[in-house]
Amino acid sequence: MKKSTKYVMGFVTTAALFSAVLAGCGNKSATKTTDATVGNLKVSYTNNAKTVKNGTLNVAMVQDTPFQGIFASELSNDAVDTYLAEPGTAVGGSIFKTNSQFKIVNGGAADLKLDKNSKTATITLHKNLKWSDGKAVTAKDLEFAYELIANSAYGSQRYTDSLANIKGLAEYHSGKAKTISGITYPKGQNGNQIKIQFKKMTPGMWQSGSGYYLESIEPYHYLKDIKPSKLVSSKQVRQQPLSYGPYKVSKVVAGQSVTYVQNPYYYGSKPKLKQITMSVVSTSSIAAALKAKKYDIAYEAPSTAYPSVKALKDYVQTGQKSLTFSYIAFNLGHYDTKKSINVMDRKTPLQNKSLRQAMGYAMNVDAVNKKFNNGLATRANSTIVPVFDKYNDKSVKGYPLNIKKANSLLNKAGFKWDSKHQYRLNTNGKAFKLVYLARSGSANSEAVAQNYIQQWKKIGVHVTLYHDRLTDFNTWGQIMTNGNNQNWDFTGGSWSVSSDPSQMDLYSKGAPYNFGHFTTAKLTKLLNDIDSTKAIDSKVRQQAFYKYQQYMQDQAAVIPTSFSLDWYPVNKRVVGWTNDHASDQTRWANLAVSASSTK
């Protein structure tokens, strides 16, 4: 699914597998599934049975910690918050409709018009677009989203180098200007249109998720009087958010559940369900809960549940190529919050790329995927996911298991063995130990982390867990977004990336999401080349992506570990389910059920 913001932190350690389960008892009308598949998963499920009125869905949000529940995407860094907000917005939270390949087309909550000559974007809201309180969505609501991200008083982590391409946004962000000069209102602030002036045009702008402009809106009239530092914790954002999609929030139990009812002011076709409830369910109990028919949709079910769920006769296994990849990132510096830049200045043996490379070659990722991921994950060769087949450089092989090569790299780099302790010394002849900030998140997280620690021991690298235990996702997220915690050396995570392959907002010098703080002049140039005006030519952009991946491989800036498939088990009573990205704007409005209770 596409993302309205450039990157969102994934949850599951071994593979961020986004799943949805809709359960129920159907009648005997004929049903069928489409032939299109990805792996062993069907892209869509078609149920031709007659739908019931006032149907309800119970959705399981699979995780072992409470959700944050921030219903303002500009202030959230969590994929789960995006999923929770979907019934009130759209899949991915974007205001734009796309085709199946993520190209923006007319017909969504807003339309986009780009002009290469004037270097502008004009965004026009749907004429009937309203908030769930009945107020019209305005041009100011479009602009306000930029204020939330660029005004540091709101505490957003979403300000990026890409957005700084908007004229005047950097000045607003630094406090040198009180308004954003590059955003104007052709029809006034209460009109339905804004115009954005860019410094340059980039090839990804025609795709959803480019990161060079926002795809979200926020109700200015509803939020304007809240003190910026208090907004993220306010009831207007956490408990009583407004929506413009087919459903609106009626109740939030903090960290545990969200209940939606129909939005009477929705601009599209009337939604078909009476109520949707999303609730947290643990990773260890989700398979049993689905078997017991307690839930209708389950997001983020772990791959370990796949064999059990696949065996349930009332479910069809559907899915899509994922925008997710997992990785190992090395802590090489810090994030300078005053200058909004990454600085690669940490004194650590990991500054030596041979050590980083060796750690990658020591990881038995293929064995881990085979044991734990049930065909839903494969070893990654780079950070460019397979959805972007044209841009993924197949000549880049990533880091397949090769203990001999890992040892050779360390020997040549001067990391000598300490025969007494059976670990290596650093290049200065001193013992060293690396702290692994490993996340919890699935029943197998501990086993996977300990497995990798043993793999690194084989090449003489001494690794211990952060505080001698796994770290829960919320704590991990706080450490990462702080950007200045020096008590860890490397971490494992996953990104649910945007539907434009550019990684400017993930690894650029100014990216808050550059958690490892790896930054060089050459990397800056390679990222700029990918997003250059010349790269609007797809062949030029392809070669720029290839050079970028080759450099990242050579530097071991991060170790890409796994790609995954999005897995959606769908109960046979569900009507209207599709994973086609062309339907992201209308998925929730079109969903219905053909029975009033679970099969």
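Keep in mind that the numbers below use all heavy atoms, side chains included, and drop hydrogens, waters and symmetry copies. Positions are given from 1, in the same order as the sequence printed here.
Between Y83 and Y299, the two ring planes are perpendicular [angle over 60°; tilted spans 30° to 60°]. Note: Y247 and Y260 have perpendicular aromatic rings, judged against thresholds of 30 and 60 degrees for the angle between ring planes. The aromatic rings of W131 and Y244 sit perpendicular to each other, their planes meeting at more than 60°, with 30° as the lower class boundary.
Contact of the L437 side chain with the F515 side chain is not registered, since no non-hydrogen atoms from C-beta on lie closer than 4.5 Å. Q351 is listed as a side-chain neighbour of L332, based on a closest heavy-atom distance under 4.5 Å. Using a 4.5 Å cut-off on side-chain heavy atoms (C-beta onward), R439 and T471 make no contact. Residues M278 and F67 fail the side-chain proximity criterion, which asks for heavy atoms closer than 4.5 Å. Residues N192 and K187 meet the side-chain proximity criterion, which asks for heavy atoms closer than 4.5 Å. Proximity of L350 to N331: side-chain heavy atoms (C-beta onward) are nowhere separated by under 4.5 Å. Between M363 and T561 there is a side-chain heavy-atom pair separated by less than 4.5 Å. Put simply, the side chain of M205 reaches to within 4.5 Å of the side chain of N165, judged on heavy atoms.
Counted by atom type alone, N263 and S132 present zero donor-acceptor pairs between their side chains at under 3.5 Å. In this model, a donor atom of one side chain and an acceptor atom of the other lie less than 3.5 Å apart for T383 and Q503. When only modelled atom types and interatomic distance are considered, D472 and S440 share no side-chain donor-acceptor pair under 3.5 Å.
Partners of K390 by side-chain hydrogen bond (donor to acceptor under 3.5 Å, both in side chains), not counting sequence neighbours, listed by chain and number: S538. The side-chain hydrogen bond (donor to acceptor under 3.5 Å, both in side chains) test applied to D537 returns no partner, not counting sequence neighbours. Residues satisfying the salt bridge (charged side-chain N to carboxylate O under 4.0 Å, His left out) criterion with D141, sequence neighbours excluded, are absent altogether. Contacts of A582 classified as side chain to side chain contact (heavy atoms under 4.5 Å, CB included), with partners at least two apart in sequence or in another chain: S100, D580. D161 is linked by a salt bridge (charged side-chain N to carboxylate O under 4.0 Å, His left out) to nothing, counting only residues two or more places apart in sequence or in another chain. Contacts of K140 classified as side-chain hydrogen bond (donor to acceptor under 3.5 Å, both in side chains), with partners at least two apart in sequence or in another chain: E143, E147. Y146 meets the side-chain hydrogen bond (donor to acceptor under 3.5 Å, both in side chains) test with no other residue; sequence neighbours excluded. Listed by chain and number, the residues in a salt bridge (charged side-chain N to carboxylate O under 4.0 Å, His left out) with D225 amount to none (sequence neighbours excluded).
Around NZ of K199, the count of heavy atoms belonging to other residues, nucleotides or ligands within 6.0 Å exceeds 12. In this structure, K178 places its NZ atom where only 12 or fewer heavy-atom neighbours from other residues, nucleotides or ligands lie under 6.0 Å away.
Remark: T138 OG1 to N190 CG distance equals 6.0 Å, nearest 0.5 Å. The CG atom of L523 sits 8.0 Å away from the OG atom of S508 when rounded to the nearest 0.5 Å. Atom-to-atom distance recorded for K321:NZ and H581:NE2 is 10.0 Å, nearest 0.5 angstrom. Rounded to the nearest 0.5 angstrom, T202 OG1 and D500 CG are separated by 7.0 Å. To the nearest 0.5 Å, atom CD1 of residue I196 and atom CD1 of residue I123 are 4.0 Å apart. Going from atom CG of L214 over to atom CG of L142 covers 9.5 Å, rounded to the nearest 0.5 Å.
If you run ring-ring contact (aromatic ring centres under 6.0 Å, His included) between H126 and each of Y266, F96, Y267, only Y267 comes through.
A salt bridge does not link D531 with K200: none of the charged nitrogens is closer than 4.0 Å to a carboxylate oxygen. Salt-bridge check for R541 with D529: failed, with every basic side-chain N at 4.0 Å or more from each acidic carboxylate O.
Applying the salt bridge (Lys or Arg N to Asp or Glu O under 4.0 Å) test to pairs two or more places apart or on separate chains, none has a residue in residues 117-131. Contacts classified as ring-ring contact (aromatic ring centres under 6.0 Å, His included) and involving residues 147-185 (residues at least two apart or in different chains) are given here: Y159-H173. The ring-ring contact (aromatic ring centres under 6.0 Å, His included) analysis of residues 518-560, with sequence neighbours excluded, yields the pairs Y391-F545. Evaluation of the salt bridge (Lys or Arg N to Asp or Glu O under 4.0 Å) test over residues 237-247, restricted to residues two or more places apart or in two chains, returns none.
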- Message: Is there a side-chain contact (heavy atoms from CB on, under 4.5 Å) between T89 and W588? Walk through the geometry before answering.
- Response: CA-CA 9 Å; T89 55; W588 288 95; over 6 Å; no
- Run the numbers on D554 and K353 for salt bridge (charged side-chain N to carboxylate O under 4.0 Å, His left out), then give the verdict. CA-CA 8 Å; D554 173 70; K353 74 175 184 180; 3.0 Å; yes
- Message: Determine whether I384 and V396 satisfy the following criterion, side-chain contact (heavy atoms from CB on, under 4.5 Å), listing intermediate values before the conclusion.
- Response: CA-CA 11 Å; I384 304 300; V396 171; over 6 Å; no
- Message: Working note: Q486 + R346, criterion side-chain contact (heavy atoms from CB on, under 4.5 Å); need CA distance, chi angles, decisive distance, verdict.
- Response: CA-CA 8 Å; Q486 299 300 314; R346 188 166 182 256; 2.6 Å; yes
- Item | Criterion side-chain contact (heavy atoms from CB on, under 4.5 Å) on H221 and D133, from CA distance to verdict | CA-CA 11 Å; H221 73 280; D133 64 354; 2.8 Å; yes
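Proximity of a side-chain donor or acceptor of Q553 to a complementary backbone N or O of G398 within less than 3.5 Å is detected. In terms of modelled atom types and a separation under 3.5 Å, the side chain of S326 and the main chain of S562 share a donor-acceptor contact. The closest donor-acceptor contact from the side chain of N342 to the backbone of K509 lies under 3.5 Å. Checked by atom type and distance alone, the side chain of Y436 never pairs as donor or acceptor with a backbone atom of L470 at under 3.5 Å. Listed for the K522 side chain is no donor-acceptor partner under 3.5 Å among the backbone atoms of T519. T533 places a side-chain N or O within donor-acceptor distance of the main-chain N or O of M201, the cut-off being under 3.5 Å. In this structure a side-chain-to-backbone donor-acceptor pair under 3.5 Å is missing from Q68 to V80. Checking side-chain atoms of Q549 against main-chain N and O of D393 turns up a donor-acceptor pair under 3.5 Å.
A109 approaches Q585 most closely through the heavy-atom pair N-OE1, 3.1 Å.
If you look at W495 and Y513, their ring centroids are closer than 6.0 Å. Between W476 and Y466, the distance separating the two ring centers is not shorter than 6.0 angstrom.
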